There are 2 protein chains.
Amino acid sequence: MTDTAPTRASLSPTPRSTVTRYRDRSATDRAALDAILDEGLICHLGVTLHGAPVVIPTIYGRLGDTLYLHGSTGAGNLRAAMTGEVSVAVTLVDAIVYARAAMHFSMNYRSAVIHGRPEPITDDAHRLRALRAIVEHSAPGAWDTVRPPDKKESAATTVLALDLTEASVKTRMGDPSDDPADLDSPAWAGTVPVHTTLGPPVPSADLAHGGEAPAHVRARRHGESSSVRRTA
Amino acid sequence: MTDTAPTRASLSPTPRSTVTRYRDRSATDRAALDAILDEGLICHLGVTLHGAPVVIPTIYGRLGDTLYLHGSTGAGNLRAAMTGEVSVAVTLVDAIVYARAAMHFSMNYRSAVIHGRPEPITDDAHRLRALRAIVEHSAPGAWDTVRPPDKKESAATTVLALDLTEASVKTRMGDPSDDPADLDSPAWAGTVPVHTTLGPPVPSADLAHGGEAPAHVRARRHGESSSVRRTA
C-alpha cells in the first residue's frame, strides 16, 4: 500500500493494516482517515470474547490521534477490549454499483479500519475530555448545555483510548469495473447513490419547556448530510 | 433475554448471543432479525486473523435461515472466516438521541449480531443461488439481466454460508432515558432522525445504449428508503 517509511501522518505501518486486496482502493492520506472518522455516526468494534470474535456497534469520538470508546463497566465486550487487541471499523456507504456482470456488483464506500490495544483512561480530566468528544461527535454543541457525568455515572463507565497509528483506509468510487467483453451488454450499468440525511428534531414527550430545538440542534436539520464535524 | 427453550424461530439459544446489557433493547422475534438483515445494505464481518480480531465491511445476502458472504479466494479475511468462528453485525441507525445528561446521549438503532462458523459452499448450484441472493440483496431484479459468473470468476470466489441460529437483535427507539432529577433541565431533549435514502440512478460513463435505467433500478429512486426486500 505504501513503500514510504511509516510516520504519524501516514497509515498502515504494519502488515496487518496494509490493504492487500484492490490496492487502488486504499489511501495513505491521514486526512482521509480523519474525514471518515469524523463523518461516521457509529463504529463497529471487534473484540475477542471467549476465544471468538464479537462485533458490536457503538458510538465513539476522536481527538487528534486518538479514538475514544465508552461503555458500562459491566459490559463483557468492553472488558474484553480493555485486555486485548481490538479492530474498529467506520464505514460510509456512498452508492450501490450496478454492473453488466454479476461478479462486478459492488458498493461505493469509504471505510476506515483501526487495529490496536485500547488503553483504559483513569485520569479524571482525561476521561472528561474523552466523554465530551464522544457526546460532541454525535451531538455537536450539546455538551455545554447538559449535566456532566456525576461520580456514580463515572464509576460505572469504562473509557478507552485507541491510538490511530495502525489504521487503513479503503475507498471505492465511480462507475462499475466491467470487463471489456461485457461492455456491449444490454444490462444497465451505473450507480444508485446512497444518502444519509438528518430529519427535523423531534422533542421528547416529557420536554416541559416547549419543543423548539436550540441552534446547535436546528443547525443539523433540513436534509443536511449526517457529516459530523469534530468540534471538541 | 428469553427463558423459553431455543427453537429455530427464536433467537439467542446460547449465552454468547444472549443480550446481557439493557435487556429491554433485545427482541426474541425471528421476524425482527430478518427485517434488519433485509433492510441493511452492508454487514461488518469480524474474524480472528493472526490471533487478533479484524472487522471488515462487506455485502451479503440472505435466504431463509442462512446468511451468505462472498469474496476473493485470495483474501486473508475470508480464509480466516472459512476456518474459524465469525461474528457478523448489521446495524441500522434511526436517530441521534439528545438527553439532558451527558451519559444518556445515545442512538436509536436496530442491530443484529450473528455468531457462528461459516461453511464454504462447494456445490455449483448452491453457490449460484448464494451469489444470486447477494446480488439481489443490493440490486433487486438485477440478476436476470446480467452475465452470470463464468468458470474463472467462480474459481476465484469463496462463498460462505452462515447459519442464523445463533443471533441476537438489539433495538433502541423513542425518547431519551433521562433521570427524573434532570427533567427540569433547560437542555433540549429529543431525537434527530437519521434517514438512509437512495438518489436517482447515475448511468455509467461507458454505457453505450443510452442512460435510462430500467424499471427494477428506477423503482428504487425518489428518496425511497434504502430498505431492501429479499426478492431471491
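In what follows, chains carry the letters A, B, and so on, assigned in the order in which the sequence lines appear, proteins first and then strands, with residues in each chain numbered from 1. Small disclaimer: the values here were computed from a predicted structure and weren't measured.
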Give, as side chain, backbone, both or neither, the part of A:D182 having an atom under 4.5 angstrom from any heavy atom of chain B.
-> side chain
Does any heavy atom of chain B fall under 4.5 Å from the side chain of A:L207, the backbone, both, or neither of them?
-> both
Please flag which part of A:V93 lies under 4.5 Å from any non-hydrogen atom of chain B: side chain, backbone, both or neither.
-> side chain
For B:D179, is it the side chain, the backbone, both or neither that has a heavy atom under 4.5 Å from a heavy atom of chain A?
-> side chain
Tell me, do B:H44 and A:V113 make a side-chain contact under 4.5 Å, heavy atoms counted?
-> no
Which heavy-atom pair separates B:P140 from A:Y98 by the least distance, and what is that distance?
-> CD-OH, 4.5 Å
Minimum heavy-atom distance between A:P53 and B:H115, given as atom pair plus value = O-ND1, 4.0 Å
Among A:P193, A:A205, A:P149, single out the residue with the greatest number of heavy-atom pairs under 4.5 Å to chain B.
-> A:P193
Would you mind telling me which of A:G71, A:P203, A:A89 has the largest number of heavy-atom pairs within less than 4.5 Å of chain B?
-> A:P203
For chain B, find which of A:D184, A:I56, A:I42 contributes the most heavy-atom pairs closer than 4.5 angstrom.
-> A:I42
Student check: side-chain heavy atoms of B:V192 and A:V202 closer than 4.5 Å = no
Side-chain contact, heavy-atom cut-off 4.5 Å: A:W188 with B:P201?
-> yes
Spacing of NE2 belonging to B:H195 relative to OG1 belonging to A:T196, to within rounding of 0.5 Å = 11.0 Å
Minimum heavy-atom separation for A:V55 to B:S87, with atom names?
-> N-OG, 2.9 Å
Calculate, to the nearest 0.5 Å, the distance between atoms CZ and CD1 belonging to B:R220 and A:I96 respectively.
-> 4.0 Å
Tell me, do A:R100 and B:S204 make a side-chain contact under 4.5 Å, heavy atoms counted?
-> yes
Let me know if A:S111 has heavy atoms under 4.5 Å from chain B in its side chain, its backbone, both or neither.
-> side chain
Minimum side-chain heavy-atom gap B:V146-A:F105 below 4.5 Å = yes
Most heavy-atom pairs under 4.5 Å with chain A, out of B:P186, B:S185, B:A99, B:A208, belong to B:P186
Short side-chain to backbone donor-acceptor contact, A:T145 and B:A187, under 3.5 Å | no
Got a second to check how far B:L131's CG is from A:M103's CE, nearest 0.5 Å?
-> 5.0 Å
Against chain B, label A:D178 side chain, backbone, both or neither, depending on which of its atoms sit under 4.5 Å from a heavy atom there.
-> neither
Count the heavy-atom pairs under 4.5 Å between each of B:A213, B:A142, B:A95, B:P148 and chain A, then report the option with the highest count.
-> B:A213
Does B:E153 reach the side chain of A:H104, with side-chain heavy atoms less than 4.5 Å apart?
-> yes
Engaged part of A:T157 at the chain B interface, taking heavy atoms whose separation is under 4.5 Å = side chain
